[in-house]
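These figures come from a predicted structure and were not determined experimentally.
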There are 2 protein chains.
Amino acid sequence: MAEDRWTPPAVMLAVDLVILTLREWRLHVLLVERGVEPFKGALALPGGFLQHAEEDLTAAAHRELAEEAAMNVETLHLEHLGVYGTPGRDPRGRVVSVAYLAIAPGLPEPTAGTDAAGARWQRVDQVLSGDLKLAFDHWQIVWDGVESARAKLERSALATAFCGPTFTISDLQQVYEAVWGISLDPRNFYRKVQKTSGFIVAAGPERKVTTGRPARLFRAGPCKVLNPPMVRPVEPSNAKGPEE
Amino acid sequence: MAEDRWTPPAVMLAVDLVILTLREWRLHVLLVERGVEPFKGALALPGGFLQHAEEDLTAAAHRELAEEAAMNVETLHLEHLGVYGTPGRDPRGRVVSVAYLAIAPGLPEPTAGTDAAGARWQRVDQVLSGDLKLAFDHWQIVWDGVESARAKLERSALATAFCGPTFTISDLQQVYEAVWGISLDPRNFYRKVQKTSGFIVAAGPERKVTTGRPARLFRAGPCKVLNPPMVRPVEPSNAKGPEE
DNA sequence: AGAATAGTGTCTTTAAGACACTATTCT
DNA sequence: AGAATAGTGTCTTAAAGACACTATTCT
């Protein structure tokens, strides 16, 4: 350990991206078909190695997104999700991957980039159920990303980011229902979001193009932290201890 | 980008450890005095480079803890805290550091290890206030670790882990007060913890060695997730949006 | 008129916040 | 007796859960 002139071992550093969006009221994740070995042809998260030793991690993440999915979304807010570095997770050697999470409204249809044979949106439920197999440990990364997104809806005003610039209250409710995978009472939901000051603000008396009574439109409000938080109904397990 | 035989750049990977404990009802963090350049002599978090390319990250974290603080705490549960990889954060080159967080009850007094001139507990408030300067970006890492610990107290039964095997309710209250840095109403606290099923369980009719009425002892219960969570009083800022 | 969707009101229950009092040990 | 700490009870208020009804547009 205290050898002279010892230099630390080098590892390969990669970034992986969990990009979540809502399409047809279902949560989707951006996946690419790998164009190179290993796992050539398999589905995987967009991502890749750092390009040079001084590249910033988030810069690498944005670059990979552009390269593999031709998505030049500079405004996309990437957030640290976790580190995946178990030895043996990548057959090419020791690869430590830093995962980032982004959540956004209807993103454009991606197109194939240089390193991937194709990029497309896949339903998250099909990934998590195992119907779609992913390369490496990417199933775990997607799981962690979805869990993180679900938790964020509780305390942050993130749900509005899933909608367009303006939206109706039932649009917003459908975001919660799609991400949480449950259904909510519309009456209690209306009350809750309207009394959470700064969550949503009216966006003019516009109307909407459907049958039935037209809905009022809203925009995201200035309040970014929901207090009190939205409550996610608890699944029966572990709500009560097995005491008594 | 699509060069043949291109190999990714190597980076140096380090681990850093935020070990939090409670001593004299104040939150303390384990710091070492650096024995080598850079920042020789300065205070820093325990941590260091991976030893070999196949070392597991958590294994490296435990090894550094043993080396730098002579703390062989195999049972210590380390949890991923974040990644700190801004280019330039380490004068030796591109170093990406993975930070881990551990929270534990009265840990032993550390002793100096091989790579550090000394290891000791420092009060977290003195670090966060800037009275104690830390090497690298370790101030930020400590901040993130403390924030994470504060948030964990809300939804998890972690606070019991700060106490010994048995504890009184006011012991537990003091954990919350020390970590959150506020004071709580003992009557409401009693009610809350007692009605949170599975949080604490009675540990016999034992008594305690102080003046005044002896207190009942409890042990940590089986319930790991607090539902509903403990509520942390909100600081006045951002509780309300600036609307209306 | 009737279908379809939007929006509001009320009652109940749970739990937090703010209080004051009783209980048990010690010297 | 009095000091010191432990523990309980009550009232009020905020907010979630569970309901049924009214409102506005379309065909």
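Summarising the geometry of A:Ile19 relative to A:Trp121, their closest heavy-atom pair is O-CZ3, 3.5 Å, with the distance given to 0.1 Å. Between B:Pro233 and B:Ile182, the shortest heavy-atom contact is CD-CD1, 3.5 Å.
Judged by distance alone, with hydrogens and angles left aside, B:Arg187 brings a side-chain donor or acceptor within reach of the base of C:dA20, the pair sitting under 3.5 Å. Side-chain N/O atoms of A:Arg191 and base N/O atoms of D:dA16 include a donor-acceptor pair closer than 3.5 Å.
When both pairing distances are held under 3.5 Å, D:dT10 makes a Watson-Crick or G-U pair with C:dA18. Using the Watson-Crick or G-U wobble rule with both distances under 3.5 Å, C:dA23 pairs with D:dT5.
Heavy atoms of B:Gln173 sit nowhere under 4.0 angstrom from any nucleic acid atom. Among the protein residues, A:Ser170 comes within range of the sugar-phosphate backbone only, with heavy atoms under 4.0 Å from sugar or phosphate atoms but none that close to a base.
Atom-to-atom, CZ of A:Arg213 to P of C:dT5 comes out at 14 Å; the value is rounded to the nearest Å.
For B:Arg216, a side-chain nitrogen or oxygen approaches OP1 or OP2 of D:dT8 to under 4.0 Å.
Comparing A:Pro214 and A:Asn188 by the nucleotide of DNA chain C that holds the closest heavy atom to each, the one mapping nearer the 5' end is A:Pro214.
For the salt bridge (charged side-chain N to carboxylate O under 4.0 Å, His left out) condition, the pairs that include at least one residue of residues 128-149 of chain A, sequence neighbours left out, are A:Arg89-A:Asp137, A:Glu147-A:Arg150.
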